[in-house]
*Asks:* 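One structure, pasted below without further comment.
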Amino acid sequence: MLTKRIIPCLDVKAGRVVKGVSFVNLRDAGDPVEIAKAYDEQGADELTFLDITASHEERGIILDVVRRTAEQVFMPLTVGGGIKVLDDIRNLLLAGADKVSINTTAVLDPEFIKAASNRFGSQCIVVAIDAKRVVAHDPDFKPPLKWADDPKYKDLFLSESAIGNPQSAMWEVYTHGGRKPMGIDAVAWAKKMEEYGAGEILLTSMNQDGQKTGYDLELTRAVSEAVSIPVIASGGVGNLEHIYDGFVKAKADACLAASIFHFKEYTIRQTKEYLKERGVAVRL
Amino acid sequence: MIAIIDYGMGNLRSVQKGFERMGREAVVTREPHTILDASKVVLPGVGAFPDCMRNLEEYGLIDAVQKSIASGKPFLGICLGLQLLFTESEEFGLSKGLDIIKGKVIRFKGPEYKDLKIPHMGWNSVSIKRRPPALADVPDNSHFYFVHSFHVVPEDKGVIATTTDYGTEFVSSVWKDNIFATQFHPEKSQALGLAILKRFGEQKG
């Protein structure tokens, strides 16, 4: 039986893990390679690096991190952040990444996902979606996208009546770490990205991210039921019950978490034992 | 020496690293003579079946694959490297394979997949039907990492080494003479995956 995946996520800036990690027995708590090894030993099912390096000049650093991690760790490795052109993907795959996660570039140019999946295969193209529950826009809001008026994409956009209705169970796609609304319906966007060849959706609730009160279950379930590709739930885990709910109530295929693992609140093993006792299929 | 065939598809470095970790020398190559001189050959691959076949042809590697298998030396296929050994695949219409193992490559489909995601992605268990040398250290029902939307259906059920359950019980590896080929990725399957590479590396031709 296919097991549910637990994926620790590391934010990497200029080659160092940021957001703090407090493992013991590590020579260097900020070294992504050391942390990756520790998660590997705990039985993580995959690992995700999010490169939050700001400048393009530092792109080479993440390649070196990926290369050094792939030397040490024999599990799937996903790298996201800053991917703008097809060669960025190629370079990450050559360095040892198995998948790449693409967010802003997909929103700015949906056709990029088609080109990327045609060239490298859907199995390595993850589309990351940052979604927030709809709130009213400024009166003069227009989606800041060159393709916004293309009729073939018109069904992707939220109607103004949905946006104005606080009861709407709808979510809007944001970029720039949840700061810029795009006017796009997150569920419709996920379906479009599947159609364009995404192999997986990494879905982050910007409302829940960092709150430690659990995933946005309604959002995760809505997306998971709308697409036939795997969905990774992200944003908001504070305890193991949240992960259980992500799998069982929200139908996620994988659950991503950062701080509960980094700060040793729970190990991967404990997480999986908790899930197994409650009837969730996991790999121990 | 182990030759890992490079035909421009997939992350070959991780296969090579896996062998190196197990103390085996492995080269990534598209030189037919290097492949023919190697004591063992690995055919990896991810991506689409027709692209893989086309690349094998363009790089002039089909002959080297066929001769390596005919020579009797240990041969390991991984993922697409399993599927390519079959007669044909229904990926993008119908594509001809190497036809070394009789059978088809078909998509996961049918009503049982209504609530199952495709690709089949993640860690799933394998049930061992016959135990090739490469699986010597692998307990029955161990988990390995999969990522694929198509699976093989051999005509001769006697070649099946392991099966895995995903909507249906599909063939997750085959063993025929000197060929062992897996749908899952040993190079991405932590300790048990490396144990397969280790045992494969120890085999004598």
Side-chain angles (χ1 to χ4, degrees), chain A residues 1-7 39-47 66-77 90 92-99 117-126 194 197-201 224-225 227-232 251-254 272 281-284, chain B residues 8-22 28 45-49 51-52 79-80 91 108-109 113-125 127 141-150 164-167 169 185-197:
Chain A
M1 186 177 190
L2 183 65
T3 55
K4 299 289 188 181
R5 287 172 282 154
I6 301 291
I7 308 176
Y39 285 135
D40 187 36
E41 281 154 21
Q42 290 180 17
D45 295 312
E46 292 185 25
L47 191 70
V66 171
R67 213 171 281 127
R68 289 189 296 122
T69 304
E71 304 263 325
Q72 303 274 351
V73 166
F74 295 93
M75 66 173 154
L77 181 62
R90 181 165 183 273
L92 284 165
L93 296 177
L94 286 175
D98 297 286
K99 311 183 212 180
S117 60
N118 278 338
R119 171 138 171 224
F120 303 104
S122 290
Q123 81 291 335
C124 67
I125 305 299
V126 181
E194 174 184 22
E200 201 171 20
I201 301 286
S224 190
E225 288 181 339
V227 298
S228 66
I229 52 178
V231 174
I232 306 167
K251 298 190 170 183
D253 300 283
K272 289 188 170 184
V282 289
R283 176 182 66 110
L284 274 170
Chain B
M9 308 295 285
N11 174 4
L12 309 178
R13 187 78 187 129
S14 55
V15 181
Q16 185 183 30
K17 278 283 151 204
F19 281 118
E20 286 173 4
R21 172 64 70 92
M22 295 294 106
V28 173
V46 292
F49 189 100
D51 294 346
C52 284
C79 193
L80 246 302
E91 189 168 358
F108 286 115
K109 59 173 178 279
Y113 294 95
K114 192 172 74 72
D115 292 322
L116 291 177
K117 300 301 179 74
I118 296 176
H120 171 226
M121 184 188 285
W123 298 77
N124 204 335
S125 58
S127 165
N141 297 314
S142 297
H143 287 87
F144 292 94
Y145 188 80
F146 290 83
V147 51
H148 63 121
S149 303
F150 293 77
T164 294
D165 183 37
Y166 194 64
E169 193 184 1
H185 289 268
E187 79 283 10
K188 288 290 152 194
S189 297
Q190 293 174 340
L192 284 172
L194 293 178
I196 291 179
L197 299 184

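Per chain, numbering begins at 1; letters A, B, ... match sequence-line order. All values reported here derive from a predicted model rather than from experimental measurement. Values below: all heavy atoms of this structure, side chains included; hydrogens, waters and symmetry mates excluded.
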*Asks:* For chain B, which of A:Pro230, A:Gly121, A:Pro76 has the most heavy-atom pairs under 4.5 Å?
*Replies:* A:Pro76
*Asks:* Between A:Asp40 and B:Gln190, is a side chain to side chain contact (heavy atoms under 4.5 Å, CB included) present by the stated rule, with each step listed?
*Replies:* CA-CA 8 Å; A:Asp40 187 36; B:Gln190 293 174 340; 2.8 Å; yes
*Asks:* Pick one of side chain, backbone, both or neither for B:Ser189, based on which atoms fall under 4.5 Å of a heavy atom in chain A.
*Replies:*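 Only the backbone of B:Ser189 comes within 4.5 Å of chain A.
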*Asks:* Output yes when a side-chain donor or acceptor of A:Gln123 lies under 3.5 Å from a complementary backbone atom of B:Ser149, and no otherwise.
*Replies:* no
*Asks:* Among the options B:His143, B:His120, B:Gln16, pick out the one with the most heavy-atom pairs lying under 4.5 Å from chain A.
*Replies:*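 The residue among B:His143, B:His120, B:Gln16 with the greatest pair count is B:His143.
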*Asks:* Residues in salt bridge (Lys or Arg N to Asp or Glu O under 4.0 Å) with A:Lys272, at least two apart?
*Replies:*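 With sequence neighbours excluded, A:Lys272 shows a salt bridge (Lys or Arg N to Asp or Glu O under 4.0 Å) to A:Asp45, given in chain and number order.
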*Asks:* Roughly how far apart are B:Asp51 CG and A:Arg119 CZ, rounded to 0.5 Å?
*Replies:* 12.0 Å
*Asks:* Looking at every heavy atom in both B:Trp123 and A:Arg5, which two are closest together, and how far apart are they?
*Replies:* CD1-CG, 4.3 Å
*Asks:* Specify which of B:Met121, B:Glu20, B:Lys114 makes the most heavy-atom pairs with chain A at under 4.5 Å.
*Replies:* B:Met121
*Asks:* Got a second to check how far B:Asp115's CG is from A:Glu225's CD, nearest 0.5 Å?
*Replies:*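 Reported value, rounded in 0.5 Å steps: 8.5 Å.
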*Asks:* Hey, could you give me the OG/CZ distance between B:Ser142 and A:Arg283, rounded to the nearest 0.5 Å?
*Replies:*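 Between atom OG of B:Ser142 and atom CZ of A:Arg283 there are 10.5 Å.
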*Asks:* Got a second to check how far B:Ser14's OG is from A:Leu77's CG, nearest 0.5 Å?
*Replies:*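 Going from the OG atom of B:Ser14 to the CG atom of A:Leu77 covers 10.0 Å.
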*Asks:* For A:Gln72, is it the side chain, the backbone, both or neither that has a heavy atom under 4.5 Å from a heavy atom of chain B?
*Replies:*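 Both backbone and side chain of A:Gln72 come within 4.5 Å of chain B.
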*Asks:* Work out which heavy atom in A:Lys99 is nearest to a heavy atom in B:Tyr145; give both atom names and the distance.
*Replies:* NZ-OH, 3.3 Å
*Asks:* Considering residues at least two apart in sequence or located in another chain, which fulfil the salt bridge (Lys or Arg N to Asp or Glu O under 4.0 Å) criterion with B:Lys117?
*Replies:* A:Asp253
*Asks:* At a heavy-atom separation under 4.5 Å, does A:Ser224 approach chain B through its side chain, its backbone, both, or neither?
*Replies:*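 Both backbone and side chain.
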*Asks:* Report the option among A:Thr3, A:Val227, A:Val231, A:Leu2 that has the most heavy-atom pairs separated by less than 4.5 Å from atoms of chain B.
*Replies:*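 The candidate making the most pairs under 4.5 Å is A:Leu2.
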*Asks:* Using a strict 4.0 Å threshold on nitrogen-to-oxygen distance, state whether A:Glu71 and B:Arg21 make a salt bridge.
*Replies:* no
